[in-house]
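Letters A, B, ... are given to chains in the order of the sequence lines, protein chains preceding strands, and every chain is numbered from 1.
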Number of protein chains: 2
Amino acid sequence: MTRTMGVLGGKWKLIIISYLTQPRRFGQLAQRMSLISRKVLTEQLRELEEDGIVRREAFAEAPPRVEYSLTEYGRALLPILEQLSAWHSAAPATAAVQ
Amino acid sequence: MTRTMGVLGGKWKLIIISYLTQPRRFGQLAQRMSLISRKVLTEQLRELEEDGIVRREAFAEAPPRVEYSLTEYGRALLPILEQLSAWHSAAPATAAVQ
DNA sequence: AGGGATAGTTACGCAGAGGTAACCGGTTTA
DNA sequence: TAAACCGGTTACCTCTGCGTAACTATCCCT
């Protein structure tokens with residue numbers, strides 16, 4: 001568990017992953033997650049890539065195009081994240097009020 | 001997803017929850033998670049309590065006894081955490097090498 | 001009377017996570 | 001010729017998460 005948190009620890013990582021249900025360009029990600037700065041978005045994507053969760057594909061075009069997608073391993077996280085979301089939206093009233 | 005991260009964001013919270021498969025006293029938790037300071041442990045437990053995930057029961061004894069346990073809502077997280085652990089231990093070789 | 005056990009709280013300080021703003025390089029478009 | 005597009009990178013600064021250490025209250029035991 002502690003190690004799992006090491007890989008998914010950044011407060012943005014699970015959010016980034018949940019946006020990668022399909023391949024997306026860097027600009028698309030930055031636009032949809034306007035709360036995260038470009039710098040941090042780049043950093044987290046690099047780390048996810050190192051951990052084998054995300055695949056980065058750069059096309060030698062102009063203007064540049066870079067697509068991010070989930071690896072097999074990363075895709076395996078999606079159903080778990082859905083369960084997490086479902087869990088959270090099922091919060092009992094006493095907690096939801098807070 | 002963003003909100004879910006708000007609730008489970010602290011890097012210790014999921015770890016704390018995974019230790020609460022059964023009711024535990026504060027001292028037990030502090031002992032098992034020696035890497036987390038007592039101060040932060042208290043803070044995170046309070047937040048988990050506010051979010052309806054953890055129940056805190058203080059006994060009017062001396063020396064004081066306080067037991068923490070998961071609510072129904074919190075207990076529903078356990079199977080999901082197990083899946084997360086399983087996912088991580090199934091990391092492909094390319095990622096595991098890093 | 002003094003010490004130990006439990007479950008904290010408080011004050012203080014630091015490191016690192018994250019934000020902001022400016023800049024870059026190659027190519028197309030006006 | 002200049003500007004726009006895209007995907008960054010870099011320097012700098014701020015803020016917050018977390019750690020350490022000291023302190024507290026209550027009761028029991030010696």
Side chain to side chain donor-acceptor pair (under 3.5 Å) against B/Glu43, all qualifying residues, sequence neighbours excluded:
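Once residues adjacent in sequence are excluded, B/Glu43 has no partner under the side chain to side chain donor-acceptor pair (under 3.5 Å) criterion.
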Among residues at least two apart in sequence or on other chains, which ones pass side chain to side chain donor-acceptor pair (under 3.5 Å) with B/Glu47?
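Expected list: B/Lys13.
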Quick one: are A/Met5 and A/Thr2 in side-chain contact, heavy atoms under 4.5 Å?
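No; the side chains remain at least 4.5 Å from each other.
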Would you indicate whether the side-chain heavy atoms of A/Leu41 and A/Trp12 approach each other to under 4.5 Å?
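No - every pair of side-chain heavy atoms lies 4.5 Å or more apart.
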Without decimals, in angstroms, what is the distance between [X] [atom1] and [N] [atom2]?
X: B/Leu41; N: C/dT6; atom1: CG; atom2: P; result: 15 Å
X: A/Phe59; N: D/dG8; atom1: CZ; atom2: P; result: 12 Å
X: B/Gln44; N: D/dT16; atom1: CD; atom2: C1'; result: 13 Å
X: B/Leu45; N: C/dT9; atom1: CG; atom2: P; result: 11 Å
X: A/Trp12; N: C/dA17; atom1: CH2; atom2: C1'; result: 12 Å
X: B/Glu43; N: C/dA7; atom1: CD; atom2: C1'; result: 15 Å

Please table the atom pairs, donor to acceptor, closer than 3.5 Å between any side-chain atom in residues 28-39 of chain B and protein atoms at least two apart or in another chain.
from	atom 1	to	atom 2	distance (Å)
B/Gln28	OE1	B/Arg25	N	2.8
B/Ser37	OG	B/Val40	N	3.4

Would you give the length of the straight line joining atom CG of B/Leu48 to atom CG of B/Leu14, rounded to the nearest 0.5 angstrom?
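One finds 9.0 Å between CG of B/Leu48 and CG of B/Leu14.
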Under 3.5 Å, which donor-acceptor pairs do the side chains of residues 79-89 of chain B form with other protein atoms, sequence neighbours left out?
from	atom 1	to	atom 2	distance (Å)
B/Gln83	OE1	A/Gln83	NE2	2.9
B/Gln83	NE2	A/Gln83	OE1	2.9
B/Trp87	NE1	A/Tyr73	O	2.9
B/His88	ND1	A/Thr4	OG1	3.4
B/Ser89	OG	B/Ser85	O	3.3
B/Ser89	OG	B/Ala86	O	3.0

Give the table of side-chain donor-acceptor pairs shorter than 3.5 Å for residues 52-64 of chain A, with sequence neighbours excluded, one pair per line with atom names and distance.
from	atom 1	to	atom 2	distance (Å)
A/Arg55	NH2	A/Leu70	O	3.4
A/Arg56	NE	A/Tyr68	OH	3.3
A/Glu61	OE1	A/Arg65	NE	3.2
A/Glu61	OE2	A/Arg65	NH2	2.9

Axis-to-axis angle across the helix from C/dA1-D/dT30 to C/dA30-D/dT1, five pairs an end, to 10 degrees?
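Between the first-five-pair axis and the last-five-pair axis there is 20°.
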Protein heavy-atom contacts under 4.0 Å, written 5' to 3' over nucleotides 20-30 of chain C as B (base), S (sugar-phosphate only) or - (none), form the string B-----BS---
Look at B/Arg65 and C/dA5 and indicate whether a side-chain polar atom (N or O) is within less than 4.0 Å of OP1 or OP2.
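No, because none of the side-chain N or O atoms of B/Arg65 sits under 4.0 Å from OP1 or OP2 of C/dA5.
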Taking all non-hydrogen atoms of both residues, which atom of A/Ser18 and which atom of A/Ile15 are closest, and how far apart?
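Closest approach of A/Ser18 to A/Ile15: OG-O, 2.8 Å.
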Which residues, if any, of residues 24-36 of chain A bring a heavy atom under 4.0 Å of DNA chain D?
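A/Arg25, A/Phe26, A/Gly27, in order of number.
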